[in-house]
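Input: a single structure, listed below in structure tokens.
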Amino acid sequence: MTNTATTTPVQDSPASTRPDGAESDGRPLVELRHVDKHFGDLHVLKDINLTVSKGEVLVVLGPSGSGKSTMCRTINRLETIDSGTILIDGTPLPQEGRELTRLRAEVGMVFQQFNLFANKTIIDNVMLAPVKVRHVSKQDAHDEAMELLARVGVDSQAEKYPAQLSGGQQQRVAIARALAMHPKVMLFDEPTSALDPEMVNEVLDVMLELAGEGMTMICVTHEMGFARKAADRVVFMADGKILETGAPDDFFEHPRTERAKDFLSKIIDH
Amino acid sequence: MEAFLDLFREYDIPGAFWVNIQLTFWGAVISLLLGVILVMMRICPVSSLRGFATAYVEFFKNMPLTIIMVFMVLGMFGQLKLSFSDDFDINFFWLAVTGLALYTASFVCESLRSGINTVPMGQAEACRALGLSFWQSASQVILPQAFRGSVAPMGNTLIALIKNSTVAAAASVTTETSSVMSDMIEFHASQILQIFFIFALGYVILIIPIGLLTTYLSNRLAVRR
Ligand SMILES: Nc1ncnc2c1ncn2[C@@H]1O[C@H](COP(=O)(O)OP(=O)(O)O)[C@@H](O)[C@H]1O
Ligand SMILES: [Mg+2]
């Protein structure tokens, strides 16, 4: 695999060892090279270069409107990019069609608003994509879905509809739904921001467990506790640019840029 | 009273309503199929299909039904020799059904589109993120929710279709209610009020339950989020 660290110095921090012992093996799984994106006149992503290695847990921080969601969404092409390249496990993201669908299935995504299918039961939410996209038999898909639901602690709710569950339960189902596709990497876009405070931890616990199992994760979150415990690296974005990248403790103790200092003072103050 | 009952003996009034019910039934079935196809075209990623569906809807939505019906008979049958059957009555019936269905499909499409607008963007994004194709997302997630969100406008479309079925008279379907009513008035002008009353009541009896049912269903089936 190409080592892009030489051309893009901002991202070259080696994957650190996590306290739980899981370690990334260095193979780049997600690569963004010189990615630019506009919404009309608004330049939302400015020459983004980022490499996430297999097994790495990356936390993306930054003020609202800095382009964190947009960056996440370009990684499974929910948003198109104007220029640059995005590679998933070495393969460039296809424009459209079957190839794109196949690659998308390798990138799991968890949204701020959960986005469970409102017309399907919890178990059907989890089974749908494995059956339709991966052509897994209904029986196997059902068995695995129940296993995943048990893992995130909502198996007793399998026959209910999403609206009957609490936000925390819905988000855990959304994680199970994404895992059912056996993705190579999971994207989390502020997974706990829409939750009542007492439900935040039940979701973070599931994410910590995933991180501990070696899942490659890109998490947009302002949960400092999670970042410190699970992240191998944090990336700080502002105005569409990656301003800082580093080990979590380093970044939180010694932010280098004014923007980062300002941002950290705001999220720590309350 | 005797004269009133004679009207029923002389004319097959329930039979006339039955013709309108059949026109409505087949018109509803075919326009529902067409409407679903049209709305899928309108939201699909292929721009030429979107353009076609938009043009279709705008054309038929703005065209008076009478003109479509007359065109079915004089244009489709008269000029282009499109024929469903050698039996004139059956042929005109199906020409009328076709005209009704082509016209109503544009309203079904619009009703469904208003239903699709009740489905949050996140539902389609979750589908795409999981690797579902356009067709899979539409059939599994978006349309089922759109149907449930469009029960009320669909009910209104059905009610309009029942009333519009009387325009089949313009396609030479002579056994339907408005034609039978005209005949009756022509020969029993002194009973014109009774005759109006019979047909008005008939339509009220047909339509009120549909209104009640759609109100009930649109609450019952509403997608809880
Ligand atoms: N679909 C869109 N159309 C136009 N502008 C958008 C769209 N989505 C996001 N933006 C804008 O792009 C910028 C970055 O947004 P976003 O990626 O959501 O930031 P973040 O997730 O960091 O808060 C914001 O200024 C936002 O208003
Ligand atoms: Mg965001």
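Here the structure is a predicted model, which means the values were calculated and not measured.
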For Phe111(A), which atoms come within 4.5 Å of any heavy atom of chain B: side chain, backbone, both, or neither? side chain

What residues, two or more places apart in sequence or in another chain, satisfy ring pair (Phe, Tyr, Trp, His ring centres under 6.0 Å) together with Tyr203(B)? Phe17(B)

Mutual orientation of the aromatic rings belonging to Phe88(B) and Phe92(B) [parallel < 30°, tilted 30-60°, perpendicular > 60°]: perpendicular

Please output the residues of residues 103-110 of chain A in contact with chain B, using a heavy-atom cutoff of under 4.5 Å, in numerical order. Arg104(A), Ala105(A), Val107(A), Met109(A)

Give, as side chain, backbone, both or neither, the part of Val223(B) having an atom under 4.5 angstrom from any heavy atom of chain A. side chain

As an exercise: rank Gly131(B), Ser133(B), Pro45(B), Pro144(B) by heavy-atom pairs under 4.5 Å with chain A and give me the winner. Gly131(B)

Within residues 136-148 of chain A, contacts to chain B at heavy-atom distances under 4.5 Å involve none

Side chain, backbone, both or neither: which part of Gln136(B) has a non-hydrogen atom closer than 4.5 Å to chain A? side chain

Quick one: which of Arg177(A), Arg77(A), Gln113(A) has the most heavy-atom pairs under 4.5 Å with chain B, could you say? Arg177(A)

Need one label for Asn119(A): side chain, backbone, both or neither, based on atoms under 4.5 Å from any heavy atom in chain B. both

In short, Gly27(B) meets Leu161(B) closest at the heavy-atom pair C-CD2, 3.8 Å

Could you tell me which residues in residues 66-75 of chain A have at least one non-hydrogen atom under 4.5 Å from a non-hydrogen atom of chain B, sorted by residue number? Arg73(A)

With a 4.5 angstrom heavy-atom cut-off, is it the side chain or the backbone of Lys132(A) that approaches chain B, or both, or neither? both

Heavy-atom distance under 4.5 Å to chain B: side chain of Leu187(A), backbone, both or neither? neither

In terms of heavy-atom pairs under 4.5 Å with chain B, the winner among Gln170(A), Lys120(A), Gln164(A), Arg134(A) is Lys120(A)

